[in-house]
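Accompanying notes for the structure given below.
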Amino acid sequence: MAKKKRIKKILVEQILDKAQIGYKSIVFEHGMQHMDDELENMGIERHHMYKTLALMGNKTGPVIGIVPIDMHLNEKQLAAVSGNKRVDMLPTKDLQKTTGYVHGANNPVGIWQTKKFPIYFDLSAQATGQIIISAGEIGRSIEIDAEELAQFVHGQFADIAITEPQA
């Protein structure tokens, strides 16, 4: 019988363990380019996977928006709920120095622990319950209760996602 490959816990998982917050680790064996196939093999709907987006507010500074990967962020709505007149996506070159994470690895747990930026989850996360979100490394995600996650990172739920990009 083959030995089960043990996967080393990454920082986000260690933080959640310490806080006694339940989650399930997900490793994308074939990278993000084959994510849809792997999600299907795991029986996970694509709409339950969420992306963590970093933006700059004209009044508050950095702000984080979390929306399903098959939807777009409504920047006007995020600006309104975050107390800004406008928010703009952070340029990729500024992402790591602002959030501490590279493109594709941003996650609310690590960002809250180190930066305390305001975090907003789309209302769909609340309705979905269990969501899948990056765990802070490319190819690593966690499945976690959205309400519990939002409470842990002092996040708020708001209507910030749209199906079509804004004009």
Side-chain angles (χ1 to χ4, degrees), residues 10-23 25-26 32 35 46-167:
I10 57 179
L11 183 60
V12 167
E13 295 168 332
Q14 293 169 17
I15 292 168
L16 292 171
D17 285 347
K18 188 174 180 183
Q20 298 181 337
I21 294 174
Y23 64 90
S25 295
I26 298 173
M32 300 313 277
M35 181 184 70
R46 192 171 202 270
H47 187 71
H48 291 180
M49 186 138 200
Y50 283 69
K51 54 189 171 186
T52 304
L53 304 170
L55 298 94
M56 186 62 70
N58 69 314
K59 293 183 179 175
T60 64
V63 61
I64 306 300
I66 298 172
V67 298
I69 62 170
D70 58 356
M71 296 182 83
H72 299 278
L73 176 71
N74 183 327
E75 292 179 10
K76 289 179 182 174
Q77 286 290 104
L78 181 60
V81 299
S82 65
N84 288 286
K85 223 180 201 27
R86 60 176 290 161
V87 293
D88 297 298
M89 292 294 290
L90 277 174
T92 305
K93 66 180 178 61
D94 298 336
L95 198 57
Q96 191 168 10
K97 72 179 179 200
T98 304
T99 67
Y101 293 93
V102 297
H103 178 75
N106 276 304
N107 69 87
V109 174
I111 291 171
W112 178 256
Q113 289 291 302
T114 59
K115 307 294 184 179
K116 305 289 192 251
F117 295 151
I119 298 173
Y120 297 88
F121 292 82
D122 183 60
L123 288 173
S124 62
Q126 201 170 27
T128 299
Q130 292 287 119
I131 63 170
I132 298 165
I133 198 152
S134 172
E137 286 185 11
I138 303 287
R140 297 284 297 264
S141 294
I142 53 170
E143 183 176 17
I144 190 167
D145 180 83
E147 293 269 1
E148 206 170 358
L149 175 60
Q151 186 175 4
F152 183 65
V153 301
H154 300 260
Q156 296 177 41
F157 291 97
D159 184 15
I160 59 170
I162 52 176
T163 52
E164 295 296 318
Q166 57 192 58

Asp88 side chain to Met56 backbone, donor-acceptor under 3.5 Å:
no
Might you work through the side-chain contact (heavy atoms from CB on, under 4.5 Å) test for Leu53 and Ile66, ending with a clear yes or no?
CA-CA 6 Å; Leu53 304 170; Ile66 298 172; over 6 Å; no
Please walk me through it: do Tyr50 and Thr52 pass side-chain contact (heavy atoms from CB on, under 4.5 Å)?
CA-CA 7 Å; Tyr50 283 69; Thr52 304; over 6 Å; no
Minimal heavy-atom distance between Ile160 and Val81, with the atoms involved, is CG2-CG2, 4.2 Å
Step-by-step side-chain contact (heavy atoms from CB on, under 4.5 Å) determination, Phe121 to Glu147
CA-CA 10 Å; Phe121 292 82; Glu147 293 269 1; over 6 Å; no
Check whether Asn58 reaches the backbone of Arg86 with its side chain - one donor and one acceptor, N or O, closer than 3.5 Å.
yes
Taking C-beta and beyond as the side chain, do Pro68 and Asp122 meet within less than 4.5 Å on heavy atoms?
yes
Nearest heavy-atom pair of Ser134 and Gly104: which atoms, and what distance?
OG-O, 3.7 Å
Using a 3.5 Å distance criterion without hydrogens, assess whether the side chain of Glu13 forms a donor-acceptor pair with backbone atoms of Ile10.
yes
Quick one: does any side-chain atom of Thr128 pair with a main-chain N or O of Gln130 as donor and acceptor, under 3.5 Å?
no
Any idea which heavy atoms bring Asn106 and Tyr101 closest together, and the distance?
OD1-CB, 3.4 Å
Smallest heavy-atom separation, Ser82 atom then Val63 atom, equals CB-CG2, 3.9 Å
Run the numbers on Leu16 and Ile144 for side-chain contact (heavy atoms from CB on, under 4.5 Å), then give the verdict.
CA-CA 10 Å; Leu16 292 171; Ile144 190 167; 4.0 Å; yes
Using every non-hydrogen atom in the two residues, find where Tyr23 and Ile21 come nearest and quote the distance to one decimal.
CD2-O, 3.4 Å
Test item: Asn84 side-chain N/O and Thr60 main-chain N/O as donor-acceptor pair under 3.5 Å:
yes
Which heavy atom of Ile162 sits nearest to which heavy atom of Met71, and what is that distance?
O-CB, 3.5 Å
